[in-house]
Every structure is written in structure tokens, then in C-alpha cells.
Amino acid sequence: MMIFTLVACSNGNNTTNDISQPQTSNTTEADKNLVRVASDGAQVQTLDPTKASRVLENGTKINMHFGDVIIPGTLNDSITAQDLISKLPYTVHVNRYSHDFCGVMDDPLEFNEEDVHYGWLNGDIDFATDADYFTILFEDEGKKSEQYGYQVNIGKIDSELSVISQLTGSYDVLIELAD
């Protein structure tokens, strides 16, 4: 038996209309011990599909500068997010792909194994542990995203998803604490 894992910067439909409580994936009890997905334990909003799916009650506010466009975000309290915060201001070169902006960080971020999962929610800011990718994901959450492993969620964007999804090309993104 061979198992393949796809990870790359490259190219779920919930019917409720409010903020749902922490989610679990549709896996068997045995599978839950093997595979975590982005929605596991997440608080998710489904009322407004133009906004990030993940809800963070608290966190550290940041701004990400894509040229003249500023994308505000919130970083969570994970060890990975805290490591990034300790490096701010930080610049990472990112490229646009079909569902994200992604770039390789100069130095890896710390992470706890229990935070590693497959997939993402639209609007997530993630760190991919296998290649030191900093990613901002804006499309294809759910089953399609779950083919990508080694993800650690570190936050979410606070603007409408269209602000980032309409950008094209490559950027040297400055990430800094918001005022």
C-alpha cells in the first residue's frame, strides 16, 4: 500500500447561516486519530461567503502589504503564529496561484505536531511545514484543499476575500503589526 501526500503552492458547503461551533471532519473514529483537517476544532462562519470562513475571537492584528494594497489579518495564539510575530516586520516573496498566494520563508517557523493538518478554510493564513511556505488561501476550501498536507493555521485575513483574490503576479509582502 502506498500513500501519497501532495503539498504545493499551486493551482464544503455548509447550509447554516451563522457561526457554527467547532467542526469535526466526516471521518471515522479511527481516521480522526490519523488525519486532521482545517475545520477540526475551528469556529466557522457561513453567513457571509465573501469573508474568511474561520472566526478568531482574539489574536494579534497585522497588515500585509501587497504593493499599495493592504490586507489586514489576525494571527492566532499558536506557537507558529507567535514565532512569526517575534520576527515582525517580516518580508516574504509570494506568487499568485489558483487558490492562494504563497512563498518560501527564509527561516522555518516553530510548530507543534498536533497543529499540523490537511487543507484550509477560505481566508486562512497558513504555514506549510514541509517546505516553509507562507500562504494566504482564498479559494477551494474543503475536500479539494484536503489533498494538501503539512498545514498549520496561523490566522486569517480580515478583508473581503475578493481583495486578495483579485490581485495577480508576485509581491514582496511586508507583514507588520497593525497600529
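Computation of the quantities below employed the complete heavy-atom set of this structure, encompassing side-chain atoms and omitting hydrogens, waters and symmetry-equivalent molecules. Just so it is clear, the model here is predicted, and its values are computed rather than measured.
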Enquirer: Just jot down the salt bridge (charged side-chain N to carboxylate O under 4.0 Å, His left out) partners of Asp158, sequence neighbours excluded, or say none.
Expert: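 Residues passing salt bridge (charged side-chain N to carboxylate O under 4.0 Å, His left out) with Asp158: Lys61, Lys156.
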
Enquirer: If the threshold is 4.0 Å, N to carboxylate O, is there a salt bridge linking Arg36 and Asp40?
Expert: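 No, no charged N to carboxylate O under 4.0 Å.
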
Enquirer: Quick check: do Leu84 and Phe134 have side-chain heavy atoms less than 4.5 Å from each other?
Expert: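 Leu84 vs Phe134: side chains touch.
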
Enquirer: Can you tell me how far SG of Cys102 sits from CZ of Arg96, rounded to the nearest 0.5 angstrom?
Expert: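 If I round to the nearest 0.5 Å, the distance is 12.5 Å.
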
Enquirer: Grouping I, L, V, M, F, W and Y whenever their side-chain heavy atoms are under 4.5 Å apart, do Leu174 and Leu177 come out in a common cluster?
Expert: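 Different hydrophobic clusters.
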
Enquirer: side-chain hydrogen bond (donor to acceptor under 3.5 Å, both in side chains): which pairs involve residues 104-113, sequence neighbours left out?
Expert: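 Non-adjacent pairs meeting side-chain hydrogen bond (donor to acceptor under 3.5 Å, both in side chains): zero.
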
Enquirer: Tell me every residue that passes side chain to side chain contact (heavy atoms under 4.5 Å, CB included) with Ser145, counting only those two or more places apart in sequence or in another chain.
Expert: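 Expected list: Trp120.
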
Enquirer: Output all residues satisfying side-chain hydrogen bond (donor to acceptor under 3.5 Å, both in side chains) with Thr80, sequence neighbours left out; order by chain, then residue number.
Expert: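 None.
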
Enquirer: Which donor-acceptor pairs under 3.5 Å do the side chains of residues 160-169 make with protein atoms, sequence neighbours left out?
Expert:
from, atom 1, to, atom 2, distance (Å)
Ser165, OG, Leu161, O, 3.3

Enquirer: Minimum heavy-atom separation for Val35 to Tyr118, with atom names?
Expert: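 So the two residues come closest at CG1-CD1, 3.8 Å.
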
Enquirer: Which heavy-atom pair separates Thr74 from Gly59 by the least distance, and what is that distance?
Expert: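 Thr74 and Gly59 have their closest heavy atoms at CG2-CA, 3.7 Å.
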
Enquirer: Would you give the length of the straight line joining atom CG of Asp83 to atom OH of Tyr90, rounded to the nearest 0.5 angstrom?
Expert: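 Result: 10.0 Å between the selected atoms.
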
Enquirer: Can you name the closest pair of heavy atoms from Val104 and Ala131 and give their distance?
Expert: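 Heavy atoms of Val104 and Ala131 come nearest at CG1-O, 3.8 Å.
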
Enquirer: Would you mind telling me which of Val92, Asn63, Ile85 makes a side-chain contact (heavy atoms from CB on, under 4.5 Å) with Ile175?
Expert: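 Single side-chain contact (heavy atoms from CB on, under 4.5 Å) partner of Ile175 among Val92, Asn63, Ile85: Val92.
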
Enquirer: What's the spacing between His99 NE2 and Lys144 NZ if we round to 0.5 Å?
Expert: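 Atom-to-atom, His99:NE2 and Lys144:NZ are 7.5 Å apart.
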
Enquirer: For Asp115, what residues pass the side-chain hydrogen bond (donor to acceptor under 3.5 Å, both in side chains) criterion, not counting sequence neighbours?
Expert: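 Per chain and number, Asp115 pairs via side-chain hydrogen bond (donor to acceptor under 3.5 Å, both in side chains) with no residue.
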
Enquirer: Quick one: does any side-chain atom of His93 pair with a main-chain N or O of Asn95 as donor and acceptor, under 3.5 Å?
Expert: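 No, His93 side chain to Asn95 backbone: no donor-acceptor pair under 3.5 Å.
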
Enquirer: Take Glu176 and Leu88 through the test side chain to side chain contact (heavy atoms under 4.5 Å, CB included) and record every step on the way to the result.
Expert: CA-CA 5 Å; Glu176 63 182 0; Leu88 298 180; 5.6 Å; no

Enquirer: Closest heavy-atom contact between Ile136 and Ile157?
Expert: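 Scanning both residues, the minimum pair turns out to be CG2-CG2, 3.6 Å.
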
Enquirer: Testing the basics here: between Ser53 and Glu141, what is the closest heavy-atom pair and its distance to 0.1 Å?
Expert: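 Answer, listing the atom of Ser53 first, then Glu141: OG-OE1, 2.7 Å.
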
Enquirer: Any chain of hydrophobic side-chain contacts (each under 4.5 Å) joining Val94 to Met105?
Expert: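 In one cluster: yes.
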
Enquirer: I'd like to know if the side chain of Gln45 and the backbone of Ala52 have a donor-acceptor N/O pair within less than 3.5 Å.
Expert: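 Yes.
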
Enquirer: Who are the side-chain hydrogen bond (donor to acceptor under 3.5 Å, both in side chains) partners of Asp77, not counting sequence neighbours?
Expert: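 Listed in chain order: nothing, the list is empty.
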
Enquirer: State which residues pass side-chain hydrogen bond (donor to acceptor under 3.5 Å, both in side chains) with Thr91; sequence neighbours excluded, sorted by chain then number.
Expert: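 Residues passing side-chain hydrogen bond (donor to acceptor under 3.5 Å, both in side chains) with Thr91: none at all.
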
Enquirer: How would you list all residue pairs meeting ring pair (Phe, Tyr, Trp, His ring centres under 6.0 Å) that involve residues 47-67, not counting sequence neighbours?
Expert: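 Every ring pair (Phe, Tyr, Trp, His ring centres under 6.0 Å) pair that includes a residue of residues 47-67, provided the two are not neighbours, is Phe66-Phe101, Phe66-Tyr171.
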
Enquirer: Counting N and O atoms only, with roles assigned by atom type, does the side chain of Asn76 sit under 3.5 Å from a partner on the main chain of Asn153, one being a donor and the other an acceptor?
Expert: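 At least one qualifying donor-acceptor pair exists.
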
Enquirer: Scan residues 37-57 for pairs that pass ring pair (Phe, Tyr, Trp, His ring centres under 6.0 Å), counting only residues two or more places apart or in two chains.
Expert: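 Applying ring pair (Phe, Tyr, Trp, His ring centres under 6.0 Å) to every pair that reaches into residues 37-57, excluding sequence neighbours, yields nothing.
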
Enquirer: Measure the shortest side-chain to side-chain distance between Gln151 and Thr135 over non-hydrogen atoms and say whether it is less than 4.5 angstrom.
Expert: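 Answer yes - side chains close enough.
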
Enquirer: Give the cluster check for Met64 versus Val69: same hydrophobic cluster or not, with ILVMFWY residues linked at side-chain heavy-atom distances below 4.5 Å.
Expert: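 Result: yes, single cluster for both.
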
Enquirer: Please enumerate all residues that pass salt bridge (charged side-chain N to carboxylate O under 4.0 Å, His left out) together with Asp126, with sequence neighbours excluded.
Expert: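 Not a single residue meets the salt bridge (charged side-chain N to carboxylate O under 4.0 Å, His left out) criterion with Asp126.
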
Enquirer: Output all residues satisfying salt bridge (charged side-chain N to carboxylate O under 4.0 Å, His left out) with Asp172, sequence neighbours left out; order by chain, then residue number.
Expert: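 Not a single residue meets the salt bridge (charged side-chain N to carboxylate O under 4.0 Å, His left out) criterion with Asp172.
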
Enquirer: Would you name the heavy atoms of Ala42 and Arg54 that are closest together and state the gap between them?
Expert: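 Scanning both residues, the minimum pair turns out to be CB-NH1, 3.4 Å.
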
Enquirer: Taking the side chain as C-beta and beyond, is there a heavy-atom pair between Pro108 and Thr129 under 4.5 Å?
Expert: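 No, their side chains stay 4.5 Å or more apart.
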
